[in-house]
**Q** 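Got a structure here, written out as structure tokens. Questions coming.
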Amino acid sequence: MSNKLIYNGTVLTMNATNQIFKPGYVYMEHDVIREVGEWKSDGSLDHLILQSSYTYNASGKVVIPGIINGHTHLFQTFMRGVSDHSPLTQWLKEIIWPMSLTMEPEDFYLAALIGCIENLKSGATYMMDHHYIHTFPENDASVLQAMVDSGIRGHLARGGSDLAGEVRLRETEEQIFDSTDRLLDEWDGAASGRIRIALGPLNLYGCSRGYLERAAVFSRDRKLISHVHVAETSEQIDTTMARYGLRNLELLNEVGLLGEQTQVVHGVWLDDGELEMIRTKQASVIHCPVSNMYLASGVARVPEMLRMGINVALGTDGPGSNNCQDNLEVLKFTACLHKVNELDATLLPPMDVLRMATVNGAKAVGRSADLGSLEPGKKADLVTVDMMKAHISPVHRASSALVYNANGNDVDLVIVGGQVVVEKGISTWIDEQVILQRAQVRVDALRNKLAGQYPVFANIE
């Protein structure tokens, strides 16, 4: 018997009416939610306890659908905190590229595994990893195996660039598409459907027009999500204007890469016409507020996008520009950034932000039918957050407490596909301390190797 019951907590269903049950329960059979409703202490629901092999009293906790982290780079776990004061271009040249070129396959596995654990422990049951470092043939498999081992739902956007600023990271079109086909054959649908593959052209200034046009056909033929960095900085607009005479979104649209399965990552520097293109083509925007602030890239026009009916989901971005992947922390940054940017305290109330992290995320990855809310028939992906903490309690509104008070350390239980992957805030599938110790040894070795050529790696306390 693999039935599970979470009961006696505050259940935020995130259904069409944002229904809340207090106290509520979620009853699961295998990997599917069967019942969600009000928990009654009169004994009328005790049969659910008897039918369950796993029961969890969620008193003092909020139960939410698993968060969907729409954009990250797991390999950057090895690079967090190297430098906290560099704009994007300098950050790439002095930190990201040198370290990624020095990393070995084991490093990509360790970095990805830590990143997966961090995502789970901060409430994400699903993440989109944009992986574009292919220095070894087995790099993708290392990342994917980490996803499998951690228990998370992992979607790997196979990144590629034929005009990357770092020549050693460039690939030919044949290499990119042949590799993606192999990943689809070997990994798509692995781990009982937890693993998926997407196409991830790196950005619009590191990809030739021919590659982008081929990517549009490839993703359309194979019905794949296209996941692309777009208009992250004003400099990127200048680059595509100089090369193609087009703004970022105009180019994406003209090559045929803009559609319902397109994820526009960042979208900070989009004009009115480009926003209208996104709305018309029904693409999704992945908003990464912490990264945009950290690199001083700018502020995306998220409130306007939402008013236009554009689907906006949330992402942490990679640990190199965050520096963590705390999915609950992203909620507060999202709300506060746009309030202060527009000097309007009424923007983005808590429920709207939570919908971006759950319902909108599910829509962005094409999983509205079975993810994003706690409803009968949907996948048993859920998270409990402990409200009985000095920095949270007393609680007036659970949605407010989640957005403005809670952080990843408050996550207590995480279930993915009906399986417990985090319990009492600890991964149940991985010995975290062993992995962290192995990773620290490797990072110290990599930093020592780079210190002579790149002073930023030597000047660390």
**Q** Carefully, step by step, assess S393 and M387 under the rule side-chain contact (heavy atoms from CB on, under 4.5 Å).
**A** CA-CA 6 Å; S393 186; M387 298 282 106; 5.7 Å; no

**Q** I would like to know whether D352 and R355 meet salt bridge (Lys or Arg N to Asp or Glu O under 4.0 Å); could you show each step before the answer?
**A** CA-CA 5 Å; D352 288 3; R355 290 191 75 83; over 6 Å; no

**Q** Side chains of E166 and L101: does their closest heavy-atom pair fall under 4.5 Å?
**A**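 In short, these two side chains touch, coming nearer than 4.5 Å.
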
**Q** Report yes or no: does S161 contribute a side-chain atom to a donor-acceptor pair with the main-chain N or O of C207 at less than 3.5 Å?
**A** no

**Q** So do I117 and L113 actually touch side chain to side chain, heavy atoms under 4.5 Å?
**A** yes

**Q** Kindly indicate, with the supporting measurements, whether the criterion side-chain contact (heavy atoms from CB on, under 4.5 Å) is fulfilled by T135 and M103.
**A** CA-CA 9 Å; T135 46; M103 290 172 68; over 6 Å; no

**Q** Any side-chain to backbone donor/acceptor pair from T13 onto I20? Under 3.5 Å, distance only.
**A** no

**Q** Should V302 and L306 be marked as a side-chain contact (heavy atoms from CB on, under 4.5 Å) after you check the CA-CA gap, both sets of side-chain angles, and the distance that decides it?
**A** CA-CA 6 Å; V302 167; L306 293 172; 4.0 Å; yes

**Q** Let me know which of I64, L328, D326, N327 forms a side-chain contact (heavy atoms from CB on, under 4.5 Å) with V411.
**A** L328

**Q** Which residue is it: Y25, W39, Y56? I am looking for the one with a ring-ring contact (aromatic ring centres under 6.0 Å, His included) to Y7.
**A** W39

**Q** Just checking, any donor-acceptor pair under 3.5 angstrom between side chains of N407 and E329?
**A** no

**Q** Decide yes or no for E423 and Y54: does some side-chain heavy atom of the first lie under 4.5 Å from some side-chain heavy atom of the second?
**A** yes

**Q** If only side-chain N and O atoms count, and only distance matters, is there a donor-acceptor pair under 3.5 Å linking H391 with N405?
**A** no

**Q** Counting only heavy atoms from other residues, nucleotides and ligands, does the tally under 6.0 Å from NZ of K378 exceed 12?
**A** yes

**Q** Any donor-acceptor pair under 3.5 Å linking the side chain of N69 with the backbone of A124?
**A**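 A pair under 3.5 Å: no.
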
**Q** How about V230 and E274: do any of their side-chain heavy atoms sit closer than 4.5 Å?
**A** no

**Q** Could you tell me whether D188 and R196 have a side-chain N and a carboxylate O separated by less than 4.0 Å?
**A** yes

**Q** Between atom CD of E304 and atom CG of L347, what is the distance when rounded to the nearest 0.5 Å?
**A**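 CG of L347 is found 10.0 Å from CD of E304.
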
**Q** Please check: side-chain N/O of E375 versus main-chain N/O of N15, any donor-acceptor pairing under 3.5 Å?
**A** no

**Q** Do H131 side-chain atoms and I133 backbone N/O form a donor-acceptor pair below 3.5 Å?
**A**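 Such a contact is found between H131 side chain and I133 backbone.
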
**Q** Could you check whether any side-chain N or O of K332 sits under 3.5 Å from a backbone N or O of Y404, counting only pairs where one atom can act as donor and the other as acceptor?
**A** yes

**Q** Any luck finding a side-chain donor-acceptor pair between N8 and N57 under 3.5 Å?
**A**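 There is such a pair between these side chains.
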
**Q** To check you understand the geometry: which heavy-atom pair defines the closest contact between I430 and D149, and what is its length?
**A**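 It is CD1-O, 3.5 Å.
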
**Q** CG of N311 to CD1 of I278: how many Å apart, nearest 0.5 Å?
**A** 11.0 Å

**Q** Can you give me the closest heavy-atom contact between S100 and F108, atom names plus distance?
**A** O-CZ, 3.9 Å

**Q** Restricting to non-hydrogen atoms, name the atom on S179 and the atom on D140 that form the minimum distance, rounded to 0.1 Å.
**A**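 Here S179 and D140 meet closest at OG-OD2, 3.9 Å.
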
**Q** Would you check if Q76 and P319 make a side-chain contact, meaning some heavy-atom pair closer than 4.5 Å?
**A** yes

**Q** Looking at K22, is its backbone amide N or carbonyl O close enough to the side chain of T10 to form a donor-acceptor pair, meaning the two atoms are under 3.5 Å apart?
**A**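 Answer holds: no.
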
**Q** Can the ring centroids of H227 and H229 be said to lie less than 6.0 angstrom from one another?
**A**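 No - the distance between ring centres of H227 and H229 does not fall below the 6.0 Å cut-off.
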
**Q** Given side-chain contact (heavy atoms from CB on, under 4.5 Å), test V290 with T316 step by step and report yes or no.
**A** CA-CA 7 Å; V290 180; T316 59; over 6 Å; no

**Q** Would the distance check show the side chain of R194 and the main-chain N or O of G154 forming a donor-acceptor pair, the cut-off being under 3.5 Å?
**A** no

**Q** Kindly compute the distance separating CG (L374) from CG (L12), expressed to the nearest 0.5 Å.
**A** 8.5 Å

**Q** Check whether any side-chain N or O of K4 sits under 3.5 Å from a backbone N or O of G418 as a donor-acceptor pair, and report yes or no.
**A** yes

**Q** Could you state the interatomic distance from CG (D46) to CG (L5), rounded to the nearest 0.5 Å?
**A**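 Reported to 0.5 Å precision, the distance equals 10.0 Å.
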
**Q** Among E29, R34, M28, which one satisfies side-chain contact (heavy atoms from CB on, under 4.5 Å) with V32?
**A**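 Result for side-chain contact (heavy atoms from CB on, under 4.5 Å) with V32: R34.
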
**Q** So do the side chains of S122 and Q325 get within less than 4.5 Å of each other, counting heavy atoms only?
**A** no

**Q** To the nearest 0.5 angstrom, please state how far the CG atom of L202 sits from the CG atom of L169.
**A** 9.0 Å

**Q** Determine, for R447 against D444, whether the closest basic-nitrogen to carboxylate-oxygen distance falls under 4.0 angstrom.
**A**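 A salt bridge is present here (some side-chain N lies under 4.0 Å from a carboxylate O).
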
**Q** Is a donor from one side chain sitting under 3.5 angstrom from an acceptor on the other, for N322 and Y294?
**A**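 Checked: N322/Y294 side chains show no N/O donor-acceptor pair below 3.5 Å.
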
**Q** Would you say the rings of Y132 and F75 are close, in the sense that their centroids are separated by under 6.0 Å?
**A**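 Ring centres of Y132 and F75 closer than 6.0 Å.
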
**Q** For a quick check under 3.5 Å, do T89 and E235 share a side-chain donor-acceptor pair by atom type?
**A** yes

**Q** Can you check whether V62's main-chain N or O pairs, donor with acceptor, with T384's side chain at less than 3.5 Å?
**A** no

**Q** Hey, does H71 have a side-chain heavy atom less than 4.5 Å from the side chain of M128?
**A** no

**Q** Quick check: are there more than 12 heavy atoms from other residues, nucleotides or ligands sitting under 6.0 Å from CE of M308?
**A** yes

**Q** Minimum heavy-atom separation for L295 and S321, please, with both atom names.
**A**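 So the two residues come closest at CD1-CB, 3.8 Å.
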
**Q** Please report the interatomic distance CE(M127) to CG(L120), rounded to the nearest 0.5 Å.
**A** 7.5 Å

**Q** Shortest non-hydrogen contact from L183 to I197?
**A** O-CG1, 3.9 Å

**Q** Measure across E232 and S291 and return the closest heavy-atom pair with its distance rounded to 0.1 Å.
**A** OE2-OG, 4.3 Å

**Q** Compare all side-chain heavy atoms of Q145 with those of Y109 and state whether any distance is below 4.5 angstrom.
**A** yes

